[in-house]
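First up is the structure itself, then whatever we jot down about it.
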Amino acid sequence: MDEQEKEPRVCYHCLVGGRVQGVFFRGAAREQAMRLGVTGYARNLPDGRVEVMVCGDPNAVSQLRDWLRVGPGHANVTGVACEPLDYQPYANFVIE
């Protein structure tokens, strides 16, 4: 039994509000995702929020979701809303 069969994979779609654009939020999220070994994407939305899809090991996904509540140093996160989705395999974590 390989590692992926032992632990189910999860995905969460998150919307991050506050001062999260123009403060290296997406780049920092990608760095965290790469460190944790999760996949997905981060992209700016027209309304000023950042949309993040994160998929992988439940513990690592949870760690990235916790990080989203703080973000990088110049960000001012005022809210994070995440919802679970069916697992989707992404090749890596990209900035869109």
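A quick note: this is a predicted structure, and the numbers were derived from the prediction, not measured. Numbers here are sequence positions counted from 1.
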Where do P72 and F25 come nearest, in terms of heavy atoms and distance? CD-CD1, 3.4 Å
Would you call E31 and F24 a side-chain contact if the rule is heavy atoms closer than 4.5 Å? yes
CD of E83 to NE2 of H13: how many Å apart, nearest 0.5 Å? 6.5 Å
From Q88 atom CD to T39 atom OG1, the distance as rounded to the nearest 0.5 Å: 9.5 Å
Rounding to 0.5 Å, atoms CG (L64) and CZ (F93) come to a distance of 6.0 Å
Closest non-hydrogen atom pair, C82 against Y12: CB-CD2, 4.0 Å
Check V38 against V54 and note the closest heavy-atom contact, atom names and distance. CG2-CG2, 3.6 Å
Which word best sums up how the rings of Y90 and Y41 line up, parallel for under 30°, tilted for 30 to 60°, or perpendicular for over 60°? perpendicular
Restricting to non-hydrogen atoms, name the atom on C14 and the atom on R65 that form the minimum distance, rounded to 0.1 Å. SG-CG, 4.2 Å
Looking at L45, is its backbone amide N or carbonyl O close enough to the side chain of Q21 to form a donor-acceptor pair, meaning the two atoms are under 3.5 Å apart? yes
Are there over 12 heavy-atom neighbours, none belonging to D47, within less than 6.0 Å of that residue's CG? yes
Contact check, side chains of V16 and R49, non-hydrogen atoms, under 4.5 Å: no
Short side-chain to backbone donor-acceptor contact, R9 and C55, under 3.5 Å: no
Please name the pair of heavy atoms, one in R26 and one in E96, separated by the smallest distance, quoted to 0.1 Å. NH1-O, 2.9 Å
Closest approach of V23 to H74 (non-hydrogen atoms, all atoms of both residues): CG1-O, 3.5 Å
Check: V77 and V20 side chains under 4.5 Å, non-hydrogen atoms: yes
ILVMFWY network linking V80 to M53, side-chain heavy atoms under 4.5 angstrom: no
